[in-house]
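Worth saying up front: this structure is predicted, and the values here are computed from it rather than measured.
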Amino acid sequence: MLTTIILAKPIDASYPEKHLKMLESISKTERDFEVVFLATSDFQEINLLKLMASNLPGHYLIVAEESTTDDEMIQMGIEFASGNDVLICTADTLPEVIEKVLEKKKDRKIVYVRRKLNGFKTFFQKIGIWSYNIGLKINGKNSDNFAETRIQYFDGKIANNLADKIANNRELRITNAFKQARTGTVENKQIFFDESKKKYKEKNMFGLGFVSFIYILCFLAVAIIYPCLNNGIYDWWIMVLLVLWLIFGVIAIALASKKIYRSRCGIALRANNFDEPLYSCEEIIKTGDKIVLPVLIDKPVIKNKIQIGKLSKQTKIKKAVETKTDNKKVASKKTASRKTSATVKKSTQSKVKKEATKSKTSKKSEK
């Protein structure tokens, strides 16, 4: 049985259709297989993966903690796999690439995947891989075919060996550590659906191959062309120059290969001194499990918009009536105050007139 380990990143709303196409490509060569999704707990589309794993037959989902790296999740998938053979891929892998890998694995123990370039770039890329492997031999490392690390096939024996090796798992997957196993490489122009940010590896090998080609031309120019122009005689300074140039090339390719190898191996998997993992999974979902998804409400739910509209109109009318009554009360208060002030003025004027008449009558009586 084949266990297909899918690193579930990235995915979008159209992923279920892509996954069905991948299942069709696997079923062309494999009758019995299972699928294991790998994702962290903070993955945005984790609910979609849970539904797919619970509804599709022969599917599983391993939910790892947030700090788990991709290589650690792949290691968990290899340990969890119940099938004899293991196929590692991503959710963004093209189904045609998966089909080619499964066709190639009939007479191979390990199958790698590499992006195919055009003739001009392929020439320098092969020189770069050749130079890179020379540098690895100088550093005492196994050769590396510089293929993709997230799309690989391993038969049962090698997969069981990888499940037991945790600390250097990625190193074993990218190098020719299993020298007795027959390997193969699938080359395709496009490997993933989105190729915008995944061609930097080939650019590195192309640059290394171009520099190595210039270095070889300079060495041959000094070693072959000069004695041809000098009657087949090497001067002492030419011999010193060739030796220095050769030493410089060996040191440079050793340092460059060491740097590339470190980036290829990435961060080591977390393990203790007994080669036991220090990472763990939080949840495992299999086919048939009941999934209860959280209900998220982004906007308030309005059950009866018509009634709310009527209530809003009634409140507006009430407010308008209240404002009118308030204005009437204020106006009545103003008129009442005006009337009281007018009556006060009239009473004061009448009092003044009475006092004036009294004073006049008193003066007449005295006369």
Backbone N/O of [Y] and side chain of [X]: donor-acceptor pair under 3.5 Å:
{"X": "Asn161", "Y": "Lys157", "value": "no"}
{"X": "Asn55", "Y": "Met52", "value": "no"}
{"X": "Tyr279", "Y": "Ala271", "value": "no"}
{"X": "Arg114", "Y": "Val186", "value": "no"}
{"X": "Glu24", "Y": "Ile26", "value": "no"}
{"X": "Glu79", "Y": "Met76", "value": "no"}
{"X": "Arg150", "Y": "Cys89", "value": "no"}
{"X": "Thr68", "Y": "Ala64", "value": "no"}
{"X": "Asp71", "Y": "Asn169", "value": "no"}

Test: Lys18 cationic atom under 6.0 Å from Phe193 six-membered ring centre, within 45° of axis =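 Judged by the rule (NZ or CZ under 6.0 Å from the ring centre, within 45° of its axis), Lys18 counts as positioned above Phe193.
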task = May I ask you to check if Arg108 and Tyr153 form a cation-pi contact, with NZ or CZ under 6.0 angstrom from the six-membered ring centre and within 45° of the axis?
result =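 No.
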request  = Decide yes or no on ring-ring contact (aromatic ring centres under 6.0 Å, His included) for Tyr60 and Phe80, but give the supporting numbers first.
outcome  = CA-CA 10 Å; Tyr60 300 88; Phe80 179 80; 5.3 Å; yes
query = Could you walk me through whether Glu66 and Thr40 pass the side chain to side chain donor-acceptor pair (under 3.5 Å) check?
reply = CA-CA 5 Å; Glu66 296 181 4; Thr40 55; over 6 Å; no
request  = Give the ring-plane orientation class for Tyr15 versus His19, where under 30° counts as parallel, over 60° as perpendicular and anything between as tilted.
outcome  =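 Because their plane-to-plane angle lies in the 30° to 60° range, the rings of Tyr15 and His19 count as tilted.
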message = Classify the ring geometry of Phe213 against Phe123: parallel below 30°, tilted from 30° to 60°, perpendicular beyond 60°.
response =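 Perpendicular: the ring planes of Phe213 and Phe123 meet at over 60°.
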request  = Walk me through it: do Thr90 and Phe192 pass the test side chain to side chain contact (heavy atoms under 4.5 Å, CB included)?
outcome  = CA-CA 9 Å; Thr90 65; Phe192 304 100; 3.4 Å; yes
With a cut-off of 6.0 Å (strictly less than), are more than 12 heavy atoms of other residues, nucleotides or ligands near [atom1] of [X]?
{"X": "Ile267", "atom1": "CD1", "value": "no"}
{"X": "Phe178", "atom1": "CZ", "value": "yes"}
{"X": "Met239", "atom1": "CE", "value": "no"}

ask   = When you look at Glu148 and Gln152, which way does the side chain to side chain donor-acceptor pair (under 3.5 Å) test go after all the steps?
value = CA-CA 7 Å; Glu148 287 289 335; Gln152 296 174 321; over 6 Å; no
query = Is the Tyr132 to Phe146 ring centre distance short of 6.0 Å?
reply =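 Distance test on ring centres: under 6.0 Å, yes.
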inquiry  = Go through it in stages, so that I can follow the logic: the residues are Glu34 and Ser82, the test is side chain to side chain donor-acceptor pair (under 3.5 Å), and I'd like the CA-CA distance, side-chain angles, deciding distance and then a yes or no.
reply    = CA-CA 9 Å; Glu34 63 180 4; Ser82 59; 2.8 Å; yes
query = Is the closest basic N to carboxylate O distance between Glu99 and Lys28 below 4.0 Å?
reply =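 Counted as a salt bridge, because a side-chain N and a carboxylate O are separated by less than 4.0 Å.
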message = Under a 4.0 Å threshold between the charged nitrogen and the carboxylate oxygen, would Glu65 count as salt-bridged to Arg270?
response =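 Yes, Arg270 and Glu65 are salt-bridged.
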key: Path from Ile6 to Ile11 over hydrophobic side-chain contacts below 4.5 Å   =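 The answer is yes; both residues are in one hydrophobic cluster.
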message = Taking Trp245 as the starting point, is it possible to reach Trp236 by hopping between hydrophobic residues whose side chains are less than 4.5 Å apart?
response =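 Yes, Trp236 and Trp245 fall within the same hydrophobic cluster.
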